[in-house]
Amino acid sequence: MPRKNSIFGALIQIVTMQNNFISVSDLSKEDILSLLKDAAKFEANPNQRLLEGKVVATLFFEPSTRTRLSFETAANRLGARVIGFSDPNATSTSKGETLKDTIKMVSNYADVIVMRHYLEGAARYASEVTDVPIINAGDGANQHPSQTMLDLYSIWKTQGTLENIDITMVGDLKYGRTVHSLVQALSFFHPKFHFIAPDLLRMPLGYRDFCVRHNLEYDEQERFDEEAINRTDILYMTRIQRERFSDLREYEQVKNVYCLHKAMLDNAKPNLRVLHPLPRVNEIAYDVDESEKAYYFQQAQNGLYTREAIICRMLNIQL
Ligand code: CP
């Protein structure tokens, strides 16, 4: 359909472009707050037949537990049907079909596409080859915007506000896409950041520059200790992303660099909560699970409500 050749077509194109969920940098403060409000409505009532007759495709070119299953649960609880794959080797990708052709094919079948891909920029590229809304479920080490929505929702629920949060991000700040998206999203809310990482895994320069440009307070250190924990509201632990290292000797150097134990939380602020996008490997000891400050499993549950909100927003479904 020659959409770009008419004013009507151009308008449709603009609307369609706005209906992608690719990067936090595409969102305004109002977008974020209104999605969080919708998520709260879905938490109160997760089962609503708002997507009857719709088809949601989940294309996962990289492994996932939470993101894929929570998107699929969100679609199911809203009455949509789900198609897709979690193993690209079982698709024609393994015969050499390109991402462009895969997206164009799936666009023939689905009303919205949720995609995780190992290449940075893959979701943006997908959105440029189809008019079907694309939701980025993680692109390489770049962005994980739907994770950010559930992170924000978790912060809001546990702290009662998103404003003036003191947040400490610990671990793999170089390859961890969730921290990249979260820094951008919190920039609307006057945060104070502490970045704790080994030198090899520092927060990338682009995000440190982002903080400077937006007058966001941040500091960096390598040491992870109780002093760092006791000053903060949110302790955001991350996994060292083995799959992103090109030199596994470097991974071996840093793989067990930090581990949070329950005793380290003894003198933390009463409102402190431990978040982690999960999966964890060694960075949170199992005894932390017994602490009232551990919030990572509820955080993952919040993914259901925020992803219900995101899918509905992409399909222009009014709540
Ligand atoms: N947090 C997250 O993205 O988890 P999965 O890799 O299991 O989807």
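For clarity, every value in this text was computed on a predicted model and none was experimentally measured. When a ligand or atom number is given, it counts from 1 through the structure's own listing order.
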Protein residue, atom and distance nearest to atom 1 (N) of ligand 1, heavy-atom basis: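 Nearest neighbour among protein heavy atoms for atom 1 (N) of ligand 1, to 0.1 Å: P277 O, 2.8 Å.
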Minimum-distance protein heavy atom relative to atom 4 (O) of ligand 1: R66 NE, 3.1 Å
Pair Q301, Y305: side-chain N/O donor-acceptor within cut-off below 3.5 Å: yes
Can you list the ligand 1 atoms lying under 4.0 Å from a non-hydrogen atom of [X]?
X    : value
T67  : 2 (C), 3 (O), 4 (O), 5 (P), 8 (O)
T65  : 5 (P), 7 (O), 8 (O)
L278 : 1 (N), 2 (C), 4 (O)
Q147 : 1 (N), 2 (C)

Distance flag, aromatic centroids of F85 and F61, threshold under 6.0 Å: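 So the answer is yes for these two rings.
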N/O donor-acceptor pair under 3.5 Å between Q48 side chain and P46 backbone: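 Answer holds: no.
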Short N-O contact, D38 and R313, less than 4.0 angstrom: yes
Those residues that, when tested against R273, pass side-chain hydrogen bond (donor to acceptor under 3.5 Å, both in side chains) (two or more places apart):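 Once residues adjacent in sequence are excluded, R273 has no partner under the side-chain hydrogen bond (donor to acceptor under 3.5 Å, both in side chains) criterion.
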Test item, R116 contacting ligand 1 (heavy atom, 4.0 angstrom): yes
Ring-face cation of R242 near Y251 (centre distance under 6.0 Å, axis angle within 45°):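 Yes.
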Within-cut-off N or O pair, R68 and ligand 1, under 3.5 Å: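 No, since none of the N or O atoms of R68 sits under 3.5 Å from an N or O of ligand 1.
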